[in-house]
Participant: 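Handing you a structure now.
Just so it is clear, the values below take in all heavy atoms, side chains as well, and ignore hydrogens, waters and symmetry mates. Every chain is numbered from 1, with letters handed out A, B, ... down the list of sequences.
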Amino acid sequence: MLKEKIYIVDYEVVSPIGIGRDRIIESIRKNRDAESEIKRVNVAGLPFTRAAEIKKDLTYLLDSEDEIYRKVCPFDRKFELLVACYGLMKERSESLRNKLKTEKTGVILGIGADVAPFELFEKEIIAFLNEDKNPIVELYLSLNENGTKLNLMNNPYDLYSMYLADKFDAGAFQKTVLTACVSSTQAIAFGYDHIKRGEAEVVVTGGTDSIVNTLAMISFGKLGVIPESGEGKSCKPFDSNRRGTLSGECAGIVILASEKFVKENDLEPIAEVMGYGNTLDAYKITAPDPEGDSMVRAVEQAVSSSMIRVEDIDYINAHGTGTRHNDLLELRSLERALGPQMKRIPISSTKDRHGHAIAAAGVQEICVLLELMKHKIIPKNLNLNTPCDDTFNLVKENYSSPINVAISNNFAFGGINTVLILKNERD
Amino acid sequence: MNVYITGFDAVFPNNFELESFSNEFDHSFTNGTINAEFNSEFTPNRSDEKIMRRDIKISVVSIRRLLKKIGLEDPEVLEKTALFVANGSFIEDTEKYMNKISVYKNISDDLSEEEKMYKIYRASPPLLALETLTNSSMSFIAQYAGVKYHNTTFGTSSLSAYYALKEAIGSIKSDLNEQAIVCASNSGGGYSFLSNSAVVGYKKGWKESTAVGNIILSSTKGSSVCKISMMSSGTRIPNLKDQTIRRDWSSLVPEDSEFVIFSGAFCEETNESDRLYCENNFKYSRSLFDDYGNMGSSNLVMGIIQGIQLLNEGMPFVDIIDRDLYGRESHVRIAKC
């Protein structure tokens with residue numbers, strides 16, 4: 001039976017390796033990584049002072065935005081990145097926006113943990129504490145007195161999807177997915193489902209997150225997933241000497257449309273979302289299942305729902321965090337799911353370049369993958385010196401090769417495994 | 001294809017025992033907490049309990065109790081069961097976080113900023129990340145219930161429960177899975193008030209409560225409790241720019257509607273206007289706010305569970321309507337099988 005195809009018709013990304021999709025490939029070709037000393041947040045005193053931070057001032061992308069949205073940006077990095085990302089595609093997406101029907105357009109975004117920007121209010125907090133007052137109550141009350149109803153301390157997560165719903169006149173739904181490192185991957189997968197089930201004909205998906213803040217750095221540092229800063233690069237996916245991941249930040253928007261909508265509106269599809277897999281470890285919240293059974297099932301589901309064969313797969317963009325727990329388990333799970341013939345498929349992680357953007361990791365990697373498909377480049381694992389298992393085709397040098405079908409893996413803390421399969425639709 | 005509710009369990013504010021909640025319809029609660037200080041065969045182990053928010057602990061207990069009650073304990077079946085979670089925004093935990101901030105007070109002023117930061121880092125617990133992990137409810141439920149299939153966590157306003165329910169039904173109807181668990185939990189209290197009041201505008205008589213509700217949906221009628229015969233949500237996009245959030249009821253509820261459970265008010269004043277609307281338009285109506293306050297992301301599921309009681313009392317179908325913080329509406333009709 002022929003199934004209706006779901007296409008990606010536009011995408012945009014604000015990434016540490018490029019402000020805008022057109023900047024990504026140059027960075028990949030030149031093997032740049034975004035790891036550097038953190039500037040925006042004061043981390044002096046912490047054992048890790050480096051991250052994949054977006055250093056460029058984004059003000060030029062926010063200038064044309066409504067004042068009420070601009071007002072939130074200095075307090076909420078995730079929102080600032082999303083507004084900047086929309087700013088990049090605003091002009092280009094105008095003709096698409098004019099074709100949308102409110103009741104048939106939805107938004108679904110993956111969002112990271114809410115982090116109140118306490119650093120900005122440290123003086124006030126200490127003053128309230130010294131007066132023996134409850135600092136949060138006093139702080140909230142004083143913020144609410146400022147007249148804005150977009151609460152700056154704890155923006156309800158739905159703010160992000162409602163912002164894009166406002167831009168795209170998306171009345172079918174405005175959803176927020178909260179599943180850590182697979183949030184935006186699931187957002188794309190569920191966007192695909194919504195179209196398939198006829199609940200929408202266009203879905204604006206993606207996500208935004210930043211873990212370049214003290215709470216996240218301390219939290220992940222304490223978990224042992226961020227290596228202490230020292231000699232050499234922080235993030236070495238699939239290397240025997242990997243020590244952890246690289247904190248990152250990103251916002252990405254991927255617009256999905258039904259085949260019917262694409263045809264009726266004469267759009268040129270960029271890629272097809274062929275299918276996905278989505279499972280839970282149900283093991284331990286603090287560690288992945290060491291057997292990787294649910295990772296295996298997620299890959300198997302993705303392949304079977306995409307109706308492809310293993311030999312069709314040209315590239316695997318791995319989750320590859322560079323942590324001790326993830327990388328080898330990911331390789332073993334891929335082998336169990338796809339069989340020994342998968343060992344010919346080139347595998348790389350791009351987190352060593354742009355860092356781990358947690359809730360936006362999936363959409364960042366999909367946007368990078370779309371650029372790789374467009375420019376026919378297989379990227380190398382940047383910091384791979386001693387492969388943790390050299391029987392796999394872990395890419396050691398960038399090279400040119402068409403990518404027709406590719407897998408993109410993401411696995412989340414707490415044991416969630418989401419795998420997407422894309423097919424290139426551009427020449 | 002019909003989708004049936006095959007089991008349910010809930011923990012209403014101030015009322016842990018589900019069996020007795022129907023006797024308390026006429027009571028009004030103003031305290032929005034639920035009791036987490038209990039031990040039973042369903043209680044998580046001590047080390048996990050230490051790192052769970054109160055609503056997560058209750059969710060785990062409620063799910064385990066429900067699975068046992070309906071005999072859904074076969075690991076092979078659970079492995080193929082989907083799990084969709086609706087969560088509040090964990091604002092209540094901010095209090096805990098703020099308590100950590102008070103570490104500043106105990107750090108001597110003669111220390112440099114760098115030394116202070118180092119001390120804070122050293123003093124932070126190893127599992128601090130779990131306190132901000134947005135999927136911790138789902139992961140703990142999966143861990144304790146053995147559910148391993150299709151999943152997601154939706155946040156954060158009360159509409160998230162509708163989205164979780166819709167996803168569960170969609171996944172069953174499109175044959176992704178035969179059954180799905182919908183877990184809706186909300187942490188309410190003073191801090192939610194402080195945050196949400198910025199959106200709603202401060203009103204006297206605010207009530208927001210902590211609550212947990214779970215239902216199991218299936219494509220198989222079997223010994224099901226009722227079926228979901230209709231559901232819809234509005235297409236109104238909240239206008240954040242001019243801050244005009246409409247809270248009137250639209251015509252989402254079908255014309256043949258007679259028995260309605262409604263929620264979505266945050267204060268007495270809005271509840272009163274909702275009540276008037278419902279009294280004028282339906283034969284029977286009940287406000288969840290009257291009994292429990294606003295239960296945020298659990299509203300809709302709690303309404304369904306109350307609706308099941310009404311079906312048991314002889315009503316042929318019940319409409320449950322909810323409106324979230326931003327005025328977005330959702331509607332579900334449950335009917336006897």
Participant: Measure distances from F413(A) to the heavy atoms of chain B and classify the residue's part below 4.5 Å as side chain, backbone, both or neither.
Facilitator: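 Its backbone and side chain both get close to chain B.
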Participant: Need one label for A170(A): side chain, backbone, both or neither, based on atoms under 4.5 Å from any heavy atom in chain B.
Facilitator: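 The answer is the backbone of A170(A).
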Participant: Is it the case that the ring center of F173(A) lies less than 6.0 angstrom away from the ring center of Y162(B)?
Facilitator: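 No, the ring of Y162(B) stays outside the 6.0 Å limit from the ring of F173(A), centre to centre.
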Participant: Give, for atom CG of L128(B) and atom CG of L215(A), the distance between the pair rounded to the nearest 0.5 Å.
Facilitator: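 L128(B) CG to L215(A) CG: 5.5 Å, rounded to 0.5 Å.
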Participant: From the options V177(A), N278(A), I108(A), select the one residue that forms a side chain to side chain contact (heavy atoms under 4.5 Å, CB included) with T152(B).
Facilitator: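 Of the listed residues V177(A), N278(A), I108(A), the side chain to side chain contact (heavy atoms under 4.5 Å, CB included) partner of T152(B) is V177(A).
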Participant: Identify the heavy atoms of S157(B) and D158(A) that sit nearest to each other, and give their distance.
Facilitator: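 For S157(B) and D158(A), the tightest heavy-atom pair comes out as OG-OD2, 3.1 Å.
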Participant: Which answer fits I358(A), side chain, backbone, both or neither, if we ask what part of it has an atom under 4.5 Å from a heavy atom of chain B?
Facilitator: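 Neither the backbone nor the side chain of I358(A) comes within 4.5 Å of chain B.
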Participant: Relative to chain A, which of L78(B), N151(B), L127(B) shows the most heavy atom pairs under 4.5 Å?
Facilitator: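 If we count pairs closer than 4.5 Å to chain A, N151(B) comes out on top.
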Participant: Among residues at least two apart in sequence or on other chains, which ones pass ring-ring contact (aromatic ring centres under 6.0 Å, His included) with Y144(B)?
Facilitator: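 Residues passing ring-ring contact (aromatic ring centres under 6.0 Å, His included) with Y144(B): none at all.
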Participant: Given heavy-atom pairs under 4.5 angstrom as the criterion, report whether the side chain, backbone, both or neither of R328(B) touches chain A.
Facilitator: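 The side chain, not the backbone.
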Participant: Quick one: sort the F190(A) and H150(B) rings into parallel, tilted or perpendicular, breaks at 30° and 60°.
Facilitator: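 F190(A) vs H150(B) ring planes: parallel.
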Participant: Which one, E67(A), Q174(A), E199(A), leads in non-hydrogen pairs under 4.5 Å with chain B?
Facilitator: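 The candidate making the most pairs under 4.5 Å is Q174(A).
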Participant: Examine whether an atom of S233(B) lies under 4.5 Å from a heavy atom of chain A, and if so say whether it belongs to the side chain, the backbone or both; otherwise answer neither.
Facilitator: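 S233(B) touches chain A through side-chain heavy atoms alone.
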Participant: Quick one: closest heavy-atom pair of P238(B) and M162(A), and the distance?
Facilitator: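 In this case the closest contact between P238(B) and M162(A) is CG-SD, 3.3 Å.
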Participant: Mark yes or no for whether Y326(B), through its side chain, and L159(A), through its backbone, hold a donor-acceptor pair below 3.5 Å.
Facilitator: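 Such a contact is absent between Y326(B) side chain and L159(A) backbone.
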Participant: Less than 4.5 Å to any heavy atom of chain B: does that hold for the side chain of Q301(A), its backbone, both, or neither?
Facilitator: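 Answer is side chain: those atoms of Q301(A) sit under 4.5 Å from chain B.
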Participant: Heavy-atom pairs under 4.5 Å with chain B - which of Q186(A), K175(A), E103(A) has more of them than the others?
Facilitator: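 Most heavy-atom pairs under 4.5 Å with chain B: K175(A).
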Participant: Give, for atom CG of L46(A) and atom CD of E114(B), the distance between the pair rounded to the nearest 0.5 Å.
Facilitator: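 It is 9.5 Å, given to the nearest 0.5 Å.
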Participant: Give the minimum heavy-atom separation between I218(A) and S124(B), together with the two atoms involved.
Facilitator: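 Smallest interatomic distance, heavy atoms only, reads CG2-OG, 3.5 Å.
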Participant: For atom OH of Y121(B), is the number of surrounding heavy atoms from other residues, nucleotides or ligands below 6.0 Å larger than 12?
Facilitator: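 Yes, because the 6.0 Å sphere around OH of Y121(B) holds more than 12 heavy atoms from other groups.
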Participant: Within the side chain of D48(B), is there an N or O that forms a donor-acceptor pair under 3.5 Å with the backbone of K284(A)?
Facilitator: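 No: the side chain of D48(B) does not pair with the backbone of K284(A).
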Participant: State, with a plain yes or no, whether a side-chain heavy atom of L178(A) is found less than 4.5 Å away from one of F154(B).
Facilitator: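 No, too far: nothing below the 4.5 Å cut-off.
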Participant: Any donor and acceptor pair, going by atom type alone, linking the side chain of R297(A) with main-chain N or O of K148(B) inside 3.5 Å?
Facilitator: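 Here the side-chain-to-backbone pair exists.
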Participant: What part of S294(A) gets closer than 4.5 Å to chain B, counting heavy atoms only: side chain, backbone, both or neither?
Facilitator: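 It is the side chain, since no backbone atom gets that close.
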Participant: Can you name the closest pair of heavy atoms from T134(B) and A180(A) and give their distance?
Facilitator: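 That would be OG1-N, 3.6 Å.
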Participant: For E131(A), is the CD atom crowded, meaning more than 12 foreign heavy atoms sit under 6.0 Å from it?
Facilitator: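 Check passes, neighbour count above 12.
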Participant: Using non-hydrogen atoms and a 4.5 Å limit, figure out which bit of Y276(A) sits close to chain B: side chain, backbone, both or neither.
Facilitator: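 Only the side chain of Y276(A) comes within 4.5 Å of chain B.
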Participant: Any side-chain heavy-atom pair from V182(A) and N135(B) closer than 4.5 angstrom?
Facilitator: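 No; the side chains remain at least 4.5 Å from each other.
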Participant: Could you check whether atom CD of E300(A) has more than 12 heavy atoms from other residues, nucleotides or ligands sitting under 6.0 Å from it?
Facilitator: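 Yes, because the 6.0 Å sphere around CD of E300(A) holds more than 12 heavy atoms from other groups.
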Participant: Give me the atom names and distance for the closest heavy-atom approach of M117(B) to A44(A).
Facilitator: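 Nearest pair, atom of M117(B) first, then A44(A): CB-O, 3.2 Å.
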Participant: Might you point out which heavy atoms bring L280(A) and A142(B) nearest each other, and give the distance in Å?
Facilitator: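 Looking at all heavy atoms of both residues, the shortest contact is CD1-CB, 3.9 Å.
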Participant: Output the option from T102(A), I416(A), I111(A), D193(A) having the highest count of non-hydrogen pairs under 4.5 Å with chain B.
Facilitator: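 The residue among T102(A), I416(A), I111(A), D193(A) with the greatest pair count is I416(A).
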Participant: Heavy-atom pairs under 4.5 Å with chain B: which of L223(A), D166(A), I285(A) has the most?
Facilitator: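 The option with the most such pairs is I285(A).
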Participant: Chain B heavy atoms under 4.5 Å from T286(A): which part of the residue, side chain, backbone, both or neither?
Facilitator: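 Just its side chain gets close to chain B.
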Participant: Which bit of L176(B) comes within less than 4.5 Å of chain A, counting heavy atoms only: side chain, backbone, both or neither?
Facilitator: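 Contact with chain A involves the side chain of L176(B) alone.
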